[in-house]
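On a predicted model such as this, the values are computed, not experimentally measured, just so you know.
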Amino acid sequence: MNTYQMYIIETLTNMHVGSGETHFGVLDNLIQRHPVTRIPIIHASGIKGSLREYFENLSGFNKNSISILFGGGIDVSKSDTGGGLDFEPGHLIFFEAQLLTLPLRASENVYYDCTSVPVLLDYLEQLNNFLNAGEKTKGLRIWLNNLNFNDEDFIYFHGSNNLEIEDYTNGKKINSVDQSIQKTLNNLCRIKINKLAIFNKDIFTHICTDSIPVIARNQIKDDGTSGNLFYEEILPRKTILYFLIGFDSYLNNNGSSAKSEFEKVLNDETKIFQFGANYSIGYGFSKIYKINI
């Protein structure tokens with residue numbers, strides 16, 4: 001029987017996980033997005049590839065364990081029976097990373113962690129489905145469903161009464177939030193209420209689709225001279241995403257599970273991981289945090 005663990009990614013630097021697509025006439029390099037909601041994601045293959053590369057570069061980590069976790073080990077039994085060599089799949093199941101909050105510039109606190117009710121509810125639904133967290137998320141789900149936007153663009157919980165986030169000024173301040181809600185947000189989402197802004201779902205979708213930051217970059221030719229100017233989307237530092245890892249019932253000869261082998265590395269919150277492109281110019285450096293249910 002499979003077990004699952006939820007992890008949070010917090011970007012320490014700007015991140016570009018490219019989709020391979022262009023926005024003709026405007027953008028050269030787009031980021032990956034969910035095909036339906038158009039909200040930024042990182043495909044499961046990108047999560048797997050980045051983590052595998054990290055494990056492969058660890059000194060002292062058993063190379064055979066990498067094949068067991070991520071796949072690629074040779075199944076010798078098939079060659080013995082005349083079936084030829086075959087590559088075994090890994091014992092981890094990777095899910096795509098989905099956006100939880102996006103930092104948006106504000107007239108106070110420099111930025112706010114911004115999201116929407118559907119985004120938060122989708123995250124809680126994953127916790128419920130895979131980690132059986134229904135009782136622990138019940139209060140937060142009820143609170144989110146009862147938020148009333150009326151005609152406001154966003155709701156926030158700390159700051160002055162005329163807070164501006166990006167170009168949006170029509171916000172509603174809620175002065176009091178139950179301590180249990182604040183605790184759940186912090187423990188399960190790594191979100192602090194004093195920097196949280198929850199946007200109207202249509203506005204947040206528009207922000208994620210059309211207002212992701214764009215950076216102009218200059219391509220340098222082999223001779224060191226300036227080449228073509230190009231534009232690419234980025235997820236800014238302090239973006240928060242989440243992803244699931246699944247573990248099957250595999251045990252090695254020493255009785256260690258795939259989960260225990262994997263968590264020896266990933267549960268160290270001092271480690272820094274890198275996702276996406278542009279490693280050499282500091283893109284994609286991130287921390288990963290385990291969510292304890």
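Ring geometry, F55 versus F262: the interplanar angle falls under 30°, so the pair is classed parallel (tilted spans 30 to 60°). Taking the six-membered ring where the residue is Trp, W143 and F157 present tilted rings, their angle falling between 30° and 60°.
Here the closest non-hydrogen pair linking L147 and V117 is CD1-CG2, 4.2 Å. Nearest heavy-atom pair, P103 versus T239, reported as atom, atom and distance to 0.1 Å: CD-OG1, 3.4 Å. For the pair T137 and L127, the tightest heavy-atom approach, listed with the atom from each and the gap, is CG2-CD1, 4.3 Å. The heavy-atom pair separating I9 from A97 by the smallest distance is CD1-CB, 4.3 Å. For L92 against F247, the heavy-atom pair with the smallest separation is CD2-CD2, 3.4 Å. Of all heavy-atom pairs spanning C208 and R33, the tightest one is O-NH2, 2.9 Å.
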Practice task
Before giving the answer on ring pair (Phe, Tyr, Trp, His ring centres under 6.0 Å), spell out for F154 and Y112 the whole-Å C-alpha distance, their side-chain angles and the decisive distance to 0.1 Å.
Solution key: CA-CA 11 Å; F154 61 92; Y112 272 67; 8.1 Å; no
Practice task
Please assess I93 against L244 for the test side chain to side chain contact (heavy atoms under 4.5 Å, CB included), listing each intermediate value before the final yes or no.
Solution key: CA-CA 8 Å; I93 306 164; L244 278 164; over 6 Å; no
Handout entry: Steps toward side chain to side chain contact (heavy atoms under 4.5 Å, CB included) verdict (Y250, I68)
Key = CA-CA 9 Å; Y250 168 84; I68 290 170; 3.1 Å; yes
Exercise for the section: Walk me through it: do N162 and T169 pass the test side chain to side chain donor-acceptor pair (under 3.5 Å)? Expected result: CA-CA 7 Å; N162 57 351; T169 58; over 6 Å; no
Handout entry: Chi angles and distances behind the side chain to side chain contact (heavy atoms under 4.5 Å, CB included) call for F70, K48
Key = CA-CA 8 Å; F70 296 93; K48 179 180 180 180; 4.1 Å; yes
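Within a 6.0 Å radius of NZ in K172, other residues, nucleotides and ligands contribute more than 12 heavy atoms. Surrounding CG of N170 are more than 12 heavy atoms belonging to other residues, nucleotides or ligands, all under 6.0 Å away. Residue K290 places its NZ atom among more than 12 non-hydrogen atoms of other residues, nucleotides or ligands, all under 6.0 Å distant. Shown here is E56, whose CD atom has more than 12 heavy atoms of other residues, nucleotides or ligands within 6.0 Å. Within a 6.0 Å radius of NZ in K287, other residues, nucleotides and ligands contribute more than 12 heavy atoms.
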Extract all donor-acceptor atom pairs below 3.5 Å that involve side chains of residues 270-283 and protein atoms in other chains or at least two apart in sequence.
from : atom 1 : to   : atom 2 : distance (Å)
T270 : OG1    : D268 : OD1    : 2.6
T270 : OG1    : D268 : OD2    : 3.3
Q274 : NE2    : G276 : O      : 3.2
Q274 : NE2    : Y283 : O      : 3.0
N278 : OD1    : R217 : NH1    : 3.1
N278 : ND2    : E232 : OE2    : 3.1

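In the hydrophobic cluster analysis, where Ile, Leu, Val, Met, Phe, Trp and Tyr join through side-chain heavy atoms closer than 4.5 angstrom, I42 is grouped together with Y54. V214 and Y111 fall into different hydrophobic clusters, where Ile, Leu, Val, Met, Phe, Trp and Tyr residues are linked whenever their side-chain heavy atoms come under 4.5 Å apart, directly or through other members.
Ion pairing between E10 and K238 holds under the 4.0 Å rule for side-chain N and carboxylate O. Here K195 does not pair with E108 in a salt bridge; the nearest charged N to carboxylate O distance is not below 4.0 Å.
Note that OG of S211 and CD of E166 are 7.0 Å apart. Values are rounded to the nearest 0.5 Å.
Centroid-to-centroid, the aromatic rings of F243 and F94 stay 6.0 Å apart or farther.
For K173, the side chain to side chain contact (heavy atoms under 4.5 Å, CB included) criterion is met by Y156, N161, N175, not counting sequence neighbours.
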